[in-house]
Protein chains: 2
Amino acid sequence: MTSKPPKRSTRIQQRNRDLIMEAALEVFSLYGFRGSTLDQIAERSGLSKPNLLYYFKGKEEIHRLLIDRLLETWLDPLREISAEGEPASEIRKYINRKLEMARDYPRESRLFANEMLQGAPHIQEELYDLKVLLDEKVVLVRNWIKAGKLADIDPYHLFFSIWATTQHYADFDAQVQAVLDEGPAREHRFETAAQFLDKLFTGGLAP
Amino acid sequence: MTSKPPKRSTRIQQRNRDLIMEAALEVFSLYGFRGSTLDQIAERSGLSKPNLLYYFKGKEEIHRLLIDRLLETWLDPLREISAEGEPASEIRKYINRKLEMARDYPRESRLFANEMLQGAPHIQEELYDLKVLLDEKVVLVRNWIKAGKLADIDPYHLFFSIWATTQHYADFDAQVQAVLDEGPAREHRFETAAQFLDKLFTGGLAP
DNA sequence: CGTGGAATTTACCAAGTGGTCAAAATTTAT
DNA sequence: ATAAATTTTGACCACTTGGTAAATTCCACG
C-alpha cells in the first residue's frame, strides 16, 4: 500500500527521452507510422534499439506521445481567436500564426498530415476535441457575419482553407521549392506567402 | 536480329495488370511507399504474391507506374487554362476541375501527397515538367494582372493556394468528415466547398 | 484432342522487423 | 570506497518482408 516516492526522472532520462522523441519526429514525419522503423529512430538518436525500448514501451507509444505533444500546441492559435477583436484582424492574425508554425515546425505538420492521410486511425478522440473547439469558433464567425463584418461564407470551409493553405508550405515543401526558382523567390517563400494569403483572405472575406 | 512479333498482351494480362494497379493504388495511397507491402497488394487484388511479380518486376515498378499514370492526368486541368478566356472564369473553372478531381480521385491525390511528404524522392524530373508548365501559366496570369483584370497577387502562390484548398478535401478527408456534423453538411461537403472557394477566390482576386 | 506457351502455385530464401532478456557497464547515494 | 540502482549492450527470437525457382495448371490453337 505504500506508494513509492514520485521517482523524478534523472538528467540522463530527460536527455535520452528528448533525443528519442526528436529522432522519432524526424522519422515518423517522413515515412508515417508503418513506414518508419525503430532501427531508423535508434540510429538517428544515437542510441541502441534495446536502449530505446528501455525508455519507451514500443513503437506505438513513441508515436502516440509525439502526436499527443503535437496536438497540445497545434490548437493554440485557434483558441486565441477572440470575439473581442476586429474580425478581419483576428483572422489575419490566425493565418499568420498558422503560417509561422508551418515554417518553424514543418515536421510536426507532416506528422499530422501523415496521420490524416491514413485516415487518422490513432486520433479519433482528439479530432472530437478539435471539433468542439472549432464549433465554438464557427459560432463566433457566424456572429461576425450576421453583424455584417464578414462576407457570408461557410465558416467550416473558411477554416479548412486556412489550414490547407498554410500547412501546404510545410507538407508540400518539396513541390513548392521545386517549382520556385532558386534565389529570393524560394528563399522568401514564407514572406511572399504571407502577403499573398493576406490579400486573398482580406479580399475574399470583405462583406 | 529477328524482332519477335509485337506480343500483344492477352485479355488475362490486361485484367490482372489492372487488378494489381487498382489494389496498389489503394494501398500505396494509404501507407506510402515504405509503409505498403506486396502482401497487402496481393491480397487486395486477389492474386498471389509471386503472381504479382510475374506481371511486374517489383514493388518499385508498380509504384513508379502508378505515379507516372497519375501525373499524366494530374496536369490536364492546368494545361486547359486558356489565355483566350475571361481571367475570373478561367480560374473558377480550374478550381472547380481540381475540386472534382479531389472528389472523384481521392486516392490519386493521396498518393501524390504521400510522395510529397517524403520529399518527392521518385519524381524530381516530373516536378521539373510541372515547373515548366506552371511557369507558362504564371506568365499568363501576370498578363491578366497587368491588364488590370486581376488583383496584383503572386501567381505562384495563387496556384499553391488552389492546389492546397482543393486537394485538402481528398488528403484530409478524415479531418473534414470528423469535424463536419453527419448529415447534409458532411454529405454535401464538396458542393459547399465549391461555393466557398468560389466566393473566396472571386473576392480575393478582384482587381 | 494434344501440345506449347501463358498463368499460377508451392516451397523457399535472405534480410529486415519489433521486441525480449540477462549480463555488463555505469552512475548515484551512502 | 562500495553497495544499490540505473543505464547500456549483445545475443537472441519469432515474424514479416521483397523476391526467386521450379513445378504445376490453364488455355488457345492447329
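Letters go in sequence order (proteins before strands), and every chain restarts at 1. Only heavy atoms go into these numbers, but all of them, side chains included; no hydrogens, no water, no symmetry mates. Keep in mind it's a predicted model, so treat the numbers as computed, not measured.
The side chain of A:Gln13 contributes an N or O atom lying less than 4.0 Å from OP1 or OP2 of D:dT7.
Applying the side chain to side chain donor-acceptor pair (under 3.5 Å) rule to pairs touching residues 19-33 of chain A yields A:Glu22-A:Arg107, A:Glu26-A:Arg107, sequence neighbours excluded.
Under the rule for a side-chain contact (heavy atoms from CB on, under 4.5 Å), A:Asp129 has no partner lying at least two apart in sequence or in another chain. Every side-chain contact (heavy atoms from CB on, under 4.5 Å) that B:Thr73 has, sequence neighbours left out, goes to B:Asp76. Considering only residues two or more places apart in sequence or on other chains, A:Glu187 meets the side-chain contact (heavy atoms from CB on, under 4.5 Å) condition with none of them. Every residue two or more places apart in sequence or in another chain that forms a salt bridge (charged side-chain N to carboxylate O under 4.0 Å, His left out) with B:Arg92 is listed here: B:Asp198. Residues satisfying the salt bridge (charged side-chain N to carboxylate O under 4.0 Å, His left out) test with A:Glu108, not counting sequence neighbours, are none. With sequence neighbours excluded, the residues satisfying salt bridge (charged side-chain N to carboxylate O under 4.0 Å, His left out) with B:Glu80 are B:Arg97.
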Which pairs of donor and acceptor atoms, one on a side chain in residues 51-60 of chain A, lie under 3.5 Å apart (sequence neighbours left out)?
unit_1	atom_1	unit_2	atom_2	d
A:Tyr55	OH	A:Asn16	ND2	3.0
A:Lys59	NZ	A:Phe33	O	3.0
A:Lys59	NZ	A:Ser36	O	2.7

Per-pair distances, 0.1 Å, donor-acceptor, side chain in residues 154-163 of chain A, under 3.5 Å, sequence neighbours excluded:
unit_1	atom_1	unit_2	atom_2	d
A:Asp154	OD1	A:Tyr156	N	2.9
A:Asp154	OD1	A:His157	N	3.1
A:Tyr156	OH	A:Asp135	OD1	2.5
A:His157	ND1	B:Tyr169	OH	2.6
A:Ser161	OG	A:His157	O	3.4
A:Ser161	OG	A:Leu158	O	2.7
A:Trp163	NE1	A:Tyr94	OH	2.8

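The stretch residues 55-63 of chain B touches DNA chain D through B:Gly58, B:Lys59, each having a heavy atom under 4.0 angstrom from the strand. If you check residues 32-39 of chain B against DNA chain D, the residues with a heavy atom closer than 4.0 Å are B:Ser36, B:Thr37, B:Leu38, B:Asp39, listed by number.
A perpendicular orientation is assigned to the rings of B:His63 and B:His122, their planes being inclined by more than 60° (bins at 30° and 60°).
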Between protein and nucleic acid, restricted to nucleotides 9-15 of chain C and to nitrogen or oxygen atoms under 3.5 Å apart, what atom pairs and distances do you find?
unit_1	atom_1	unit_2	atom_2	d
C:dT9	OP2	B:Ser48	OG	3.2

